[in-house]
Colleague: 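Before we start, here is the structure in question, set down as structure tokens.
Both counts, for ligands and for their atoms, begin at 1 and track the order of listing.
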Amino acid sequence: MYEQVSHSLLNEILQELKVESGNGRMRHFYTRLGANFYSIHSLFSLLYGERPDFKAQLRRLVETLAARYVGRSAALRKSDLAREKDYNWFLSQKWVGMALYCDRFAGDLQGLRARLPYLQELGINMLHIMPLLDCPPGRSDGGYAVRDFFRIDARYGSTDEISELAANLRKRDMLLVLDVVVNHTSDEHQWAQRARQGEQQYLDYYYVFDGREMPDLYEETMPEIFPLTAPGNFTWDAEMGKWVMTVFNNYQWDLNYRNPAVLIEMIDIILFWANQGADILRLDAVAFLWKKIGTACQNEREAHLLLQIMKDCCQVVAPGVLFIAEAIVAPSEVTKYFGEDAINAKECEIAYNATLMALLWDAVATRNAVLLNRGINSLPSKLERATWLNYVRCHDDIGLGFDDNDVRLAGYDTVKHRRFLIEYFTGKFPGSSARGLPFGENPRTGDARISGSLASLVGLEVALENQDEAGVDAAIQTILLLHSVILSFGGIPLLYYGDAIGMLNSIEYLADPDRRDDNRWVHRSRLDWNKAERRHQPGTVEHRIFNGLKGLIARRKEATAFADFDNRHLLSVENPNLMVFYRACQQGSRNRVLVVANFSVTAQSQHVGMLRLHGFFRQDGVRDICTGECAVLSGDMLHIPPLTCCWYTE
Ligand code: OTU
């Protein structure tokens, strides 16, 4: 019944819009719209059904989709069709990503294009360029305070160069990932400017209030994201004479998705970038999309409904394009961004695995895998056609977002353990050689996160300063160990640009008044290409890291068991320093890979009895994929060198 209503409404809208259904060019559009409209209509009704302009808004949405479909190039449409057939294409082990800043890595887009061979040398075939859109110079939050969603910042080049780059990448069989900042705009965006001038249409794009009554109600339950630099969640705008919701920095105005016009604008923006040739879009801060008094204003059901509409609309216009959910939220919440009660992702196909990231850092500090194993065990399973983005470091800080219950079960006091981690990574804990900085310390709650480059956090900076060779070795081993885990865990590994050559912290940002209060810039330094050149000189730190990673990446791509078909089996072993899991090939049990990671700084042994139970070590033992040698056994004990992760095959 409802489906019929949906269907006739769609026909009515199409007639009003006078888009000819007989038009051959629009054939796939109609098929896909027909297939997705029931869902789009239901979701749109749930969110906006009470509004008198409901039908007009829905019509506007369909019109937007039709216009963007018309604008999609023949090449991209062809790729859509191919990916619709090979719909699990992104679960393959062949993909390995890197996130980088265009300017910090290569100056501008031309420079970036010239550096693609460097990425290919390492084996990278998925390129996430950090946000490129036009932002006000000083107040940009590293690109996340967008002033114009349709124009890239002139410093990088022209907007056309993006589609050229995308086409170039396609020829190299590389994927392009771009950001869409869906939660907020810069206060200099024209919507914000027009709101300031009192235009009601644009005041309705944001959460704007005359007095403190509503902001105070919201504040009762909203946490602070940047408590030191941007306390509270509202900013007084003197020009407007009103309070505006600014969850992140005070110049980032939160969009109000209670207004369907905002959703339609954002879908239009998403499809615009899909049409520029992006293969994957990273949707920033998706947990924050819906605000409700009396809640933390994160992970609300409506935020999920919004993402579902965005996905459905993308299925209609650009079905080959995937979404990454950037939702740095509790483990129990994060898998919901794939969509619940489904097989295929109905929100985002890919989600940042912040849980694994934080757990890996816990293992580095504690030198054991106790919490890591617990945390992985309680990571809710994901949908079949969905995958993780596994990373060690990214442009943001490290949040210690473990499940408190897991922390307790691991035998720690939740408060004391987090304090230990902060002390460890800021180098205050006795014996720690980490050089991180506390980020977002909240004096009220005692919370803090951590900034710092991978190399500095694992002690490379300190070891180099002290000319401590063993320390250098341990730091390099740790870098390779962590990457070895994200390359074998299941999902798409995402490297962070400086990490492949061991870039240290850079304090350059302190000289820039616009950046000095945000210490995340300590790990967003300019890539030192002289240093990168040393990757070709055997014996250098750069060579050891780069070459090590390059080998791991190549081996990953060969191991079909590493494709992500929910084929990871975590094994419980007696040795608390080890994480042990195996990956089984989708077809049959042959070709399995056993992953054994030792987080201790000393060699560890593990009885192979249990591994035998799982069919490993049947006869002569197993072969190490990376070295080609057999596993080191003495009697029935398997030996794993310190800070090492081995990939064994039968
Ligand atoms: C994201 O961050 C971006 O990655 C940050 O670089 C931006 O500053 C922020 O959004 C605002 O656009 O929203 O869902 O430091 O982990 O703010 C999580 C905390 C986010 C970040 C968090 C994150």
Colleague: If you round to the nearest 0.5 Å, how far is CG of Leu289 from CD of Glu300?
Modeller: 11.5 Å

Colleague: Checking Asp312 against Gln315: is there a side-chain donor and acceptor pair closer than 3.5 Å?
Modeller: no

Colleague: Between Arg516 and Tyr509, do the side chains contain an N or O donor and an N or O acceptor separated by less than 3.5 Å?
Modeller: no

Colleague: Is there a donor-acceptor contact under 3.5 Å from the side chain of His523 to the main chain of Gly452?
Modeller: yes

Colleague: Take atom CZ of Arg385 as the centre, draw a 6.0 Å sphere, and report whether it contains more than 12 heavy atoms from other residues, nucleotides or ligands.
Modeller: yes

Colleague: Between Glu349 and Lys311, does any NZ, NE, NH1 or NH2 come within less than 4.0 Å of an OD or OE carboxylate oxygen?
Modeller: yes

Colleague: Quick one: which ligand 1 atoms are inside 4.0 Å of a heavy atom on Arg520?
Modeller: 5 (C), 6 (O), 7 (C), 8 (O), 15 (O)

Colleague: Provide the number and element of each atom of ligand 1 under 4.0 Å from a heavy atom of Ala285.
Modeller: 13 (O), 14 (O)

Colleague: Checking Arg212 against Trp243: charged group under 6.0 Å from the ring centre and within 45 degrees of the axis?
Modeller: yes

Colleague: Please report which non-hydrogen protein atom sits nearest to atom 19 (C) of ligand 1, along with the residue it belongs to and the distance in Å to one decimal place.
Modeller: Arg449 NH2, 3.0 Å

Colleague: Would you kindly specify which portion of Gln298 sits under 4.0 Å from ligand 1, judged on non-hydrogen atoms: side chain, backbone, both or neither?
Modeller: neither

Colleague: Determine, using heavy atoms of Val181 and all atoms of ligand 1, whether some pair is separated by less than 4.0 Å.
Modeller: no

Colleague: Going by atom types only, do Asn390 and Asn353 share a side-chain donor-acceptor pair under 3.5 Å?
Modeller: yes

Colleague: Check ligand 1 against Phe226 and write out every atom of the ligand that is under 4.0 Å from a heavy-atom position of the residue.
Modeller: 8 (O), 15 (O)

Colleague: Side chains of Gln252 and Asp141: donor-acceptor distance under 3.5 Å anywhere?
Modeller: yes

Colleague: Counting heavy atoms only, which of Asp396, Asp141, Val329 is nearest atom 16 (O) of ligand 1?
Modeller: Asp396

Colleague: Parallel, tilted or perpendicular: which fits the ring planes of His184 and Phe248, with parallel below 30° and perpendicular above 60°?
Modeller: tilted

Colleague: Taking heavy atoms and a distance under 4.0 Å, where does Asn183 meet ligand 1: side chain, backbone, both or neither?
Modeller: neither

Colleague: Would you mind telling me if ligand 1 is within reach of the side chain of Asp397, the backbone, both or neither, using heavy atoms under 4.0 Å?
Modeller: side chain

Colleague: Between Glu326 and ligand 1, which residue portion shows a heavy-atom distance shorter than 4.0 Å: side chain, backbone, both, or neither?
Modeller: both

Colleague: In the protein, what heavy atom is nearest to atom 17 (O) of ligand 1, and what distance, to one decimal place, separates them?
Modeller: Phe248 CE2, 3.2 Å

Colleague: Identify the protein heavy atom lying closest to atom 1 (C) of ligand 1, giving its residue, its atom name and the separation to 0.1 Å.
Modeller: Asp284 OD1, 3.0 Å

Colleague: Could you list which atoms of ligand 1 come closer than 4.0 Å to a heavy atom of Phe288?
Modeller: 13 (O), 14 (O)

Colleague: Atoms of ligand 1 less than 4.0 Å from His184 heavy atoms?
Modeller: 11 (C), 12 (O)

Colleague: With heavy atoms of His395 as the reference, note each atom of ligand 1 found under 4.0 Å away.
Modeller: 3 (C), 4 (O), 5 (C), 6 (O)

